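This report concerns only the one structure given below.
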Amino acid sequence: MERPGMFFAVVWISLFSMAWAGLARAETMVLSTFSGSGLTLVQEPIIREAYRRLGIELEILQLPAERALQMASRGQVDGEVARLAVVREQYPNLVMVPEPLFLIENVVFSKDISFPVDGYRSLLPYQVVTLRGYKHFEERLSSLNVDFSLLPTYEQVLQTIDKNRFQLALLTRLDGLKTLSELDVSGVFALEPPLEVVPAYHFLHRKHAHLVPRLTRVLREMRQAGVIEQIQLRVQQELVSRVVNSLAY
């Protein structure tokens, strides 16, 4: 007589398990980001921790910079890990989380030229190269009629500086340090001070706009607790150490 009851119990447990598995899958999101970027060493642990606090699993796809944005804008992925605020003007399908993910130092790299960097106008006498997909750089350089070119990879950007094909390169400090630690080049260095320090923001496809208030609150809590600053400082120190060690050999 207990067999029918046991049968229904098994069925109920199976249905509950299937429903729970469905909920778990629904709580997984896919984000895009730059491939090969030093920024990912900072932004990925920050964004993973933020989503972990919301109980959401993340899958992060590393793609070429332009493709990463296009896929996020079309809703082929759920959002972009981090970009500058200018992206919201060019990609209206993307919604910006207003609390900055972290701060980016935009830096001028050179081999034979040294001068005190004082804003974008100080670049006017030079031939400049930067990465295709750095929308902020493209916009600022174009507005001032700076002579600049775009290349598809970080390695190509710094290799052209090493070979004196261009005079200056614009990259984020973390991207430049990571690339220098991996290349067989010498004499390429960052000019000081940074060209600018700008906040990077997390972007979601508009179908996930309901998450913006929750992510804003979590990121603010992480910043106030010093979590974001600790991650950024650790990564930068590690990259500087790698560059120094690569030059020693």
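By convention here, the first residue in the shown sequence is residue 1. Everything quoted here is computed from the prediction, not taken from an experiment.
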Looking at R234, I want to see if its CZ is surrounded by more than 12 non-hydrogen atoms of other residues, nucleotides or ligands under 6.0 Å. yes
Quick check: do D147 and V128 have side-chain heavy atoms less than 4.5 Å from each other? no
Minimal heavy-atom distance between F189 and S114, with the atoms involved, is CZ-CB, 4.4 Å
Exceeds 12 heavy-atom contacts within 6.0 angstrom, atom CG of D184: no
My understanding is that only residues two or more places apart in sequence, or in another chain, count here; which of them pass salt bridge (Lys or Arg N to Asp or Glu O under 4.0 Å) with R217? E221
Is there a salt bridge (Lys or Arg N to Asp or Glu O under 4.0 Å) between E139 and K135? Walk through the geometry before answering. CA-CA 6 Å; E139 182 182 80; K135 296 298 183 182; over 6 Å; no
What distance do K178 atom NZ and L183 atom CG have between them, rounded to the nearest 0.5 Å? 9.5 Å
Y51 vs L215 side-chain heavy atoms within contact, under 4.5 Å: yes
Considering non-hydrogen atoms only, spot the tightest contact between L158 and A169 and give its length. CD2-CB, 4.3 Å
Check: P100 main-chain N/O paired with R223 side-chain donor or acceptor under 3.5 Å: yes
If you group Ile, Leu, Val, Met, Phe, Trp and Tyr by side-chain heavy-atom gaps below 4.5 Å, do L58 and I228 land in one group? yes
For residues L151 and R132, determine if any side-chain heavy atom of one lies less than 4.5 Å from a side-chain heavy atom of the other. no
Where do A200 and I104 come nearest, in terms of heavy atoms and distance? CB-CD1, 3.5 Å
In this structure, NE2 of H202 is separated from CG of L31 (nearest 0.5 Å) by 5.0 Å
Y126/F115 under ring-ring contact (aromatic ring centres under 6.0 Å, His included): CA gap, chis, key distance, verdict: CA-CA 12 Å; Y126 305 104; F115 63 95; 5.0 Å; yes
Distance-only polar pair, side chains of T216 and E99, donor-acceptor under 3.5 Å: no
Atom pairs and distances, side-chain donor-acceptor, residues 39-47, under 3.5 Å, sequence neighbours left out:
unit_1: T40; atom_1: OG1; unit_2: S37; atom_2: O; d: 2.7
unit_1: Q43; atom_1: NE2; unit_2: T33; atom_2: OG1; d: 2.6
unit_1: E44; atom_1: OE2; unit_2: Q62; atom_2: NE2; d: 3.3

Measure the shortest side-chain to side-chain distance between V107 and L171 over non-hydrogen atoms and say whether it is less than 4.5 angstrom. no
Are I56 and L219 linked, directly or through other ILVMFWY residues, by side chains that come within less than 4.5 angstrom of each other? yes
For the atom pair CG (L168) and OG (S110), what is the distance rounded to the nearest 0.5 Å? 5.5 Å
Please walk me through it: do K207 and D78 pass side-chain contact (heavy atoms from CB on, under 4.5 Å)? CA-CA 8 Å; K207 64 187 175 185; D78 296 307; 3.8 Å; yes
Atom pair CG (L61) and CD (Q76), whose distance is rounded to the nearest 0.5 Å: 10.5 Å
Does S35 form a side-chain contact (heavy atoms from CB on, under 4.5 Å) with L63? I'd like the steps, not just the answer. CA-CA 5 Å; S35 58; L63 301 164; 5.6 Å; no
A side-chain contact here means heavy atoms from C-beta on lying under 4.5 Å apart; do L239 and Q237 qualify? no
Within-4.5 Å side-chain heavy-atom neighbours: P98 and V212: yes
Under 3.5 Å: donor-acceptor pair, side chain of K111, backbone of I161: no
Where do V157 and T130 land on the side-chain contact (heavy atoms from CB on, under 4.5 Å) test, with the steps shown first? CA-CA 6 Å; V157 169; T130 189; 5.8 Å; no
Hphob cluster co-occupancy, M29 + V77, side-chain heavy atoms under 4.5 angstrom: no
Can you check whether E138's main-chain N or O pairs, donor with acceptor, with S142's side chain at less than 3.5 Å? yes
Can you find a side-chain donor-acceptor pair between H205 and Y91 that sits under 3.5 Å? no
Would you check if there is a donor-acceptor pair between the side chains of Y134 and D175 at a distance under 3.5 Å? yes
One should read off an interatomic distance between F203 CZ and R83 CZ, to the nearest 0.5 angstrom, of 9.0 Å
Would the distance check show the side chain of H208 and the main-chain N or O of G79 forming a donor-acceptor pair, the cut-off being under 3.5 Å? no
Is atom CZ of R88 surrounded by more than 12 heavy atoms (other residues, nucleotides or ligands) closer than 6.0 Å? no
Quick one: do L124 and L150 end up in the same hydrophobic cluster if we chain Ile, Leu, Val, Met, Phe, Trp and Tyr together by side-chain heavy atoms under 4.5 Å apart? yes
Give a yes or no on this: more than 12 heavy atoms of other residues, nucleotides or ligands lie within 6.0 Å of atom CZ of R206. no
Find the distance between CD (E89) and CG (L94) and round it off to the nearest 0.5 Å. 12.5 Å
Any non-hydrogen side-chain atom of L170 less than 4.5 Å from a side-chain atom of N106? no
If you measure from the Lys or Arg side-chain nitrogens to the Asp or Glu carboxylate oxygens, is any gap between E192 and R173 under 4.0 Å? yes
Is there a side-chain contact between F102 and Y201 (heavy atoms, below 4.5 Å)? no
So, for P213 and A209, which heavy atoms are closest and what is the spacing to 0.1 Å? CD-O, 3.9 Å
Do L69 and V97 sit in one hydrophobic cluster, given that two such residues count as connected whenever their side-chain heavy atoms are within less than 4.5 Å of each other, even indirectly? no
Is it the case that the side chain of E105 and the backbone of V197 share a donor-acceptor pair, with hydrogens and angles ignored and the cut-off at 3.5 Å? no
Distance-only donor-acceptor check, side chains E196 and Y120, under 3.5 Å: yes
Take V198 and L103, measure what side-chain contact (heavy atoms from CB on, under 4.5 Å) needs, and give me the verdict at the end. CA-CA 6 Å; V198 292; L103 297 178; over 6 Å; no
Kindly check if the number of other-residue, nucleotide or ligand heavy atoms within 6.0 Å of CZ (R48) is above 12? yes
